[in-house]
2 protein chains.
Amino acid sequence: MTILRNPAGIPDATVARLPLYLRALDELAQQGKGVCSSEHLAAAAGVNSAIVRKDLSHLGSYGTRGVGYDVAFLASQIATVVGRTQPWEVVIVGAGHLGSALAAYQGFGARGVKVAAVVDADPRLIGTTVGGHVVRSIDELADVVEQTGVSLAIIATPPASAQGVADALVAAGIRSILNFAPTALRLPDDVDLRQVDVAAELQILGYHAHRRAAASSDAPAGEAVTS
Amino acid sequence: MTILRNPAGIPDATVARLPLYLRALDELAQQGKGVCSSEHLAAAAGVNSAIVRKDLSHLGSYGTRGVGYDVAFLASQIATVVGRTQPWEVVIVGAGHLGSALAAYQGFGARGVKVAAVVDADPRLIGTTVGGHVVRSIDELADVVEQTGVSLAIIATPPASAQGVADALVAAGIRSILNFAPTALRLPDDVDLRQVDVAAELQILGYHAHRRAAASSDAPAGEAVTS
DNA sequence: AAGAGCTTGGGAACCCGTTCACAAAATCGC
DNA sequence: GCGATTTTGTGAACGGGTTCCCAAGCTCTT
Ligand SMILES: NC(=O)c1ccc[n+]([C@@H]2O[C@H](COP(=O)([O-])OP(=O)(O)OC[C@H]3O[C@@H](n4cnc5c(N)ncnc54)[C@H](O)[C@@H]3O)[C@@H](O)[C@H]2O)c1
Ligand SMILES: NC(=O)c1ccc[n+]([C@@H]2O[C@H](COP(=O)([O-])OP(=O)(O)OC[C@H]3O[C@@H](n4cnc5c(N)ncnc54)[C@H](O)[C@@H]3O)[C@@H](O)[C@H]2O)c1
């Protein structure tokens, strides 16, 4: 009999939540909890319990009915699925305000991420140390990638440089990029891109704030207009 | 005749993309483009054109068939919808690595965001200047919020402090929070929360990288196993 | 004025994700 | 043991979002 070996059968929405479960489980473990229910885990991760059970069912049946999930075991299972069995090494491109904050960030270790290198184009920054990492030249990017064996990259350069940096990263063999520059990058299909746009997040919040304000002053309820 | 005045009829997914269109339109305007097609706008925003047209149709019929959209006019329409007619003022809580990077960020202005205040709990930081803002005490938060009239807040404190900060923000009247601390916040229903978790983003990228690696070494294609 | 060529707006189908609801399985108290 | 209680795992219903597709409407050429 043939089984379709499809660990990719995990839906994107679920994959996006696995890191939250992992963080929540680490917290629960630290609190000394040996087992937890989907309800507990849901509260710790900030989602609802039905979705926790549905998500976990995509990985296998690791729970015990009437009891819940073994915290340590479940954490190790999720860690295996997301590939957090050994730290993901990442290169940070751009050692400015944001890049150096990221380079100095102490929270990555516990989440299975390790900053392996920091590069920049500014000659005044090259050779200096940020967050314990000596800044290297962007011109050496290919060497840096090869030497450190990083597979993930963070772009923290101005938007104008981002596309060029992305192209250089791809040329150096990187296939996973987290971009903080507020610009749309054009990349080959086999490159995985995620975007963080802080200003956009604030504008989304602004939209809802705006709506709230309009609703409460304009028309407390109903909101019908005659014309 | 009664029209249902329902500017809230805009789906969440669309709202989340409006800031991207706004940014893309600003870029196109700067390039001297007076009109653009949904195809152009889609490319500039990094989405597909069908969804651009669908999204824009939720705001009204601002395009011209056979021609496209007037860049300046469309930008002003979207700006009105998202409430970017005047800058959104934001308070940053936590003047550490990340908080000071955000406080110094020059890119907010063009996106309709203005940092109005920075607060921290560390006595050594209070009174110092980060990004042109004098750091004030978290104890004065209520005053700061009242004086500056901010309506948005960014949490950039360690996870352990985040819930306390969030509670204080809500008590001070803030209803929109962007949280960078990797922790689930428990907040009243009428408070709007968005979360940025950099480590989680990297883990999501890691999952796919992991998959790619497994697929290329394990089984180049097909991926069926006999048992 | 009419036809060719573009591009929007939106109906409809489709797909994915969330929520609901409950049987199955485990533990606990007696 | 056995019924009460807890909690998982999952089918089914639901709802939203995306994609497909094309008629309608605009410009330009002839
Ligand atoms: N600072 C923030 O809090 C913040 C917030 C939101 C978004 N961003 C975005 O993040 C990015 C970085 O912001 P920042 O405030 O750190 O900017 P910054 O100007 O402080 O730093 C940018 C760094 O990138 C380097 N750089 C420029 N071109 C380069 C290239 N081709 N190769 C390598 N390095 C190059 C510069 O030398 C500089 O050190 C920007 O795109 C910005 O829009 C920053
Ligand atoms: N630095 C990064 O690049 C980065 C990346 C991802 C996530 N984060 C998260 O962002 C948050 C901030 O990170 P950071 O690196 O800037 O940390 P940091 O330690 O450099 O700064 C935290 C600041 O918060 C202040 N603070 C602590 N408790 C407070 C309170 N109750 N009220 C007001 N201020 C308080 C501290 O005095 C300190 O100045 C953390 O939750 C971190 O996990 C940071």
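Below, all heavy atoms of this structure are taken into account, side chains as well, without hydrogens, waters or symmetry copies. Note on naming: letters A, B, ... go to the chains in the order of the sequence lines (proteins, then strands), and numbering restarts at 1 for each one.
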Calculate the interatomic distance between [X] atom [atom1] and [N] atom [atom2]; express it in whole Å.
| X | N | atom1 | atom2 | result |
| --- | --- | --- | --- | --- |
| D55(B) | dT19(D) | CG | C1' | 13 Å |
| I10(A) | dC16(C) | CD1 | P | 16 Å |
| I51(B) | dG17(D) | CD1 | P | 10 Å |
| Y62(A) | dA25(C) | OH | C1' | 19 Å |
| L56(A) | dT7(D) | CG | C1' | 13 Å |

Starting at the 5' end of DNA chain C and moving along, which residue's nearest nucleotide shows up first, Y69(B) or R17(A)? Y69(B)
From the list dT19(C), dA12(C), dG17(C), which nucleotide is the closest neighbour of the side chain of D12(A)? dG17(C)
State which of dG17(D), dG10(C), dT10(D) makes the closest approach to the side chain of S57(A). dT10(D)
Is the distance between the ring centroids of Y69(B) and Y62(B) under 6.0 Å? no
Reading 5' to 3' through nucleotides 22-30 of chain D, protein heavy-atom contacts under 4.0 Å coded B for base, S for sugar-phosphate only, - for none: -BBBBS---
Got a donor-acceptor contact below 3.5 angstrom from the E89(A) side chain to the L152(A) backbone? no
The salt bridge (charged side-chain N to carboxylate O under 4.0 Å, His left out) partner of D26(B) among R111(B), R84(B), K33(B) is R84(B)
Members of residues 20-49 of chain B that approach DNA chain D, where some heavy atom sits under 4.0 Å away: N48(B)
